[in-house]
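Taking it in order: structure first as C-alpha cells, then the write-up.
Labels below follow one simple rule: chain letters A, B, ... track the order of the sequence lines, proteins then strands, and each chain is numbered from 1.
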Number of protein chains: 2
Amino acid sequence: MPTTDVPARRLTTKGEATRAHIVRTAAELIYVKGVQNTSNEDVRKAAGVSGSQLSHYFPDKRSMVRAVIAYRADALSGLHREAPLGELDRVAALHTWAESYLNRADVLAGGCAFGSLVAEVMKSDLELHDDIAEGFERWREMFRRGLTAMRDSGVLRRDADPDRLAHVFMAAYQGGMLLAQGARDEAPLRDALNGALDYLETFRPRRGRAVTAPSSDR
Amino acid sequence: MPTTDVPARRLTTKGEATRAHIVRTAAELIYVKGVQNTSNEDVRKAAGVSGSQLSHYFPDKRSMVRAVIAYRADALSGLHREAPLGELDRVAALHTWAESYLNRADVLAGGCAFGSLVAEVMKSDLELHDDIAEGFERWREMFRRGLTAMRDSGVLRRDADPDRLAHVFMAAYQGGMLLAQGARDEAPLRDALNGALDYLETFRPRRGRAVTAPSSDR
DNA sequence: AAGTAACTGGGCTTGTCAACCCATAAACTT
DNA sequence: AAGTTTATGGGTTGACAAGCCCAGTTACTT
C-alpha cells in the first residue's frame with residue numbers, strides 16, 4: 001500500500017476549504033468539551049458534512065487531532081492573527097500581547113486553546129508528542145526573535161537572555177491560563193503576566209549609562 | 001435512600017488503609033497514563049484488590065478521581081511531604097522548593113502531578129471544578145503565608161504583594177512544568193522558576209536603607 | 001453470638017465510539 | 001469524454017469500559 005504511506009495527497013482549493021472548515025469546527029468543539037468528549041460524530045454534525053468526508057480528510061481521529069494541534073499552534077504563534085501585533089520586538093508590543101488575553105470570558109472557561117489541548121492529549125497519545133513539541137518550539141521562536149531584537153536595539157541590556165526570558169513569558173502565560181481556568185478568575189493570569197513584564201523591566205539599561213540606542217520604547 | 005446521601009460512612013483503620021492504597025495506586029497510574037486512559041480495571045489490577053472493593057470505596061469513577069485530586073493537592077501543598085520544607089517563609093526555602101523539582105525524570109514524562117490531572121479533567125467533568133479550585137486555593141495559601149511572613153519579617157519590602165507574588169510562583173511552576181513536559185526538556189521549568197526567584201529578589205529592601213529586621217536570609 | 005464492615009471473583013447490560021465498507025452522485029480538471 | 005476529487009448517507013463491526021447485581025467468605029467489634 002503505497003498511497004497510505006505518502007501524505008502528499010494534493011487537495012484542490014475546494015477540498016482545502018472543506019478541510020479547513022472541519023479543522024476549525026473540531027478546534028472549537030475540542031476547546032469547549034475536550035478531546036475525549038468530542039466524538040467524530042459531534043464534529044461531523046457541527047461541521048455539517050457527511051461521515052465519509054471526515055474519513056476522507058482524516059483517516060483516523062489522531063490525524064484530526066494533529067491538525068487541530070497545528071491549527072492552535074499557528075494561532076498561538078500569531079500566524080493567522082487578525083490583530084496587528086505581528087512582531088513582539090518592543091516592550092510595548094509585549095504589553096499589548098499580554099493585555100489581549102485579559103478580560104476574555106473564554107479564557108476563564110477553557111484556558112489556553114493550545115495548552116489545554118496538549119495537556120489533555122500528551123499522556124494518552126505519545127505519537128502526538130512531536131507535533132506538540134514543534135508547536136511549543138514555534139511559539140518560543142516568536143518570543144526569542146522579539147526579545148533578541150529588543151536586546152540588539154538596546155531596549156534591553158546585553159545580559160538579557162532571550163532564551164531564558166522567552167521561557168519566563170511562556171510559562172507565565174501557560175501557568176496563568178491554567179490557574180485562571182481552575183479558579184475561574186483572571187487574577188492569576190493577570191498577576192503572572194504583569195510579573196513577567198515587571199521582570200523584563202529589570203533588564204532595561206540603567207539611566208545615565210551610555211547605551212547604543214536612545215530607547216524610544218515605552 | 002438515606003444512606004447514599006449521607007457520606008459520613010465511617011471506615012475502620014483497615015478500611016482507611018485500603019482506601020488510601022487504592023487512591024495512591026490510582027494516582028500513580030493516572031499520572032503516567034492520564035485519567036481517560038486508566039480504567040477501573042487497571043486500578044483494580046494494579047492495586048491487587050477485587051472489583052467490589054473499588055465500588056465499595058468509590059461508587060463511581062468520578063469519586064475516585066476526586067480522591068486522587070485531593071491526594072495530589074495535598075502533595076502539592078506539602079501536606080504529606082517527606083522533605084523538611086514545611087514553611088516557605090524564607091527566600092532560601094523557596095529556592096529549595098524550586099530545586100526540588102529539577103533533575104527529575106518523572107517531571108519530563110508527566111509534568112505536574114496535580115496540574116496535568118486537572119487540566120485533563122477540567123473540561124470533561126464540570127462537577128470536579130470545585131475540587132480543583134479548592135486544590136489550587138490550598139496551594140496558593142501555602143505561598144501566600146510564606147510570602148507574607150517574608151514581608152512582615154522585613155526580608156521583603158512592604159510593597160511586595162504576597163497575593164501577586166504567589167500567582168507568579170504558581171504560574172511559573174505550572175507553566176514551566178507543562179512546557180518541560182511538552183519539550184521533554186527541563187530548561188523551561190528551570191528558567192521559569194529562576195525567573196520567579198530573580199523577580200522576588202527585586203523586592204528585597206535596598207541596602208543602606210533602614211529596615212526593621214537585619215535580614216539574615218540568604 | 002450478633003452484626004457490621006471488609007473482601008473475593010465473577011457475570012451481565014448498556015452505551016459509546018472508532019474504524020471500516022458500501023453504493024451513489026455531483027463537480028472539477030485535462 | 002475520461003478520470004479524479006469532492007461529496008452524500010447510510011450500515012456494520014469490534015472493542016472497551018462503566019455501572020450494576022450476585023453469591024459468597026473473612027475479620028473485626030461490641
For this session: Apply the test ring pair (Phe, Tyr, Trp, His ring centres under 6.0 Å) to residues B:Trp139 and B:Phe169: give CA-CA distance (whole Å), side-chain angles for both, the deciding distance (0.1 Å), then the verdict.
Result: CA-CA 11 Å; B:Trp139 188 39; B:Phe169 272 93; over 10 Å; no
Seminar exercise, completed: Within residues 60-71 of chain A, those residues having any heavy atom closer than 4.0 Å to DNA chain C are A:Asp60, A:Lys61
Distance in angstrom units between [X] [atom1] and [N] [atom2], rounded:
{"X": "B:Phe58", "N": "C:dA6", "atom1": "CZ", "atom2": "P", "value": "12 Å"}
{"X": "A:His56", "N": "C:dC20", "atom1": "NE2", "atom2": "P", "value": "16 Å"}
{"X": "A:Glu41", "N": "C:dA19", "atom1": "CD", "atom2": "P", "value": "14 Å"}
{"X": "A:Arg44", "N": "D:dG11", "atom1": "CZ", "atom2": "P", "value": "13 Å"}
{"X": "A:Glu16", "N": "D:dA7", "atom1": "CD", "atom2": "P", "value": "11 Å"}
{"X": "A:Lys45", "N": "D:dT8", "atom1": "NZ", "atom2": "P", "value": "16 Å"}
{"X": "B:Arg19", "N": "C:dA5", "atom1": "CZ", "atom2": "P", "value": "16 Å"}
{"X": "A:Leu54", "N": "C:dC21", "atom1": "CG", "atom2": "P", "value": "17 Å"}

Closest approach of [X] to [Y] (non-hydrogen atoms, all atoms of both residues):
{"X": "A:Val107", "Y": "A:Tyr101", "result": "CG2-O, 3.8 Å"}
{"X": "B:Leu76", "Y": "B:Met142", "result": "O-CE, 3.9 Å"}
{"X": "A:Leu128", "Y": "A:Arg62", "result": "CD2-CG, 3.7 Å"}
{"X": "A:Ala46", "Y": "A:Thr25", "result": "CB-CG2, 3.5 Å"}
{"X": "B:Lys33", "Y": "B:Asp42", "result": "NZ-OD2, 3.3 Å"}

For this session: Let me know, please, whether B:Asp42 or B:Lys14 comes out on the 5' side of the other along DNA chain D by nearest nucleotide.
Result: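 With B:Asp42 and B:Lys14 compared, the 5'-side residue is B:Asp42.
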Problem set entry | Of B:Thr13 and B:Asn40, the one whose closest DNA chain D nucleotide lies more 5' |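 By nearest-heavy-atom nucleotide position, the 5'-most residue is B:Asn40.
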Extract from the structure each pairing of a protein N or O with an N or O of nucleotides 8-10 of chain C at less than 3.5 Å, listing the distance.
from  : atom 1 : to      : atom 2 : distance (Å)
C:dT8 : OP2    : B:Ser50 : N      : 2.9
C:dT8 : OP2    : B:Ser50 : OG     : 3.3
C:dT8 : O4     : B:Ser52 : OG     : 3.4
C:dG9 : O6     : B:Ser52 : OG     : 2.3

For this session: Would you please say whether a donor-acceptor pair under 3.5 Å links the side chains of A:Ser116 and B:Lys123?
Result: yes
Exercise. If you draw a 6.0 Å radius around CD in A:Gln36, do more than 12 non-hydrogen atoms from other residues or ligands fall strictly inside?
Worked result: yes
Exercise. How about A:Arg66: does its CZ atom have over 12 heavy atoms from other parts shown lying under 6.0 Å from it?
Worked result: no
Problem set entry | Phosphate contact (C:dC7 OP1 or OP2) by B:Tyr57 side-chain N/O below 4.0 Å | yes
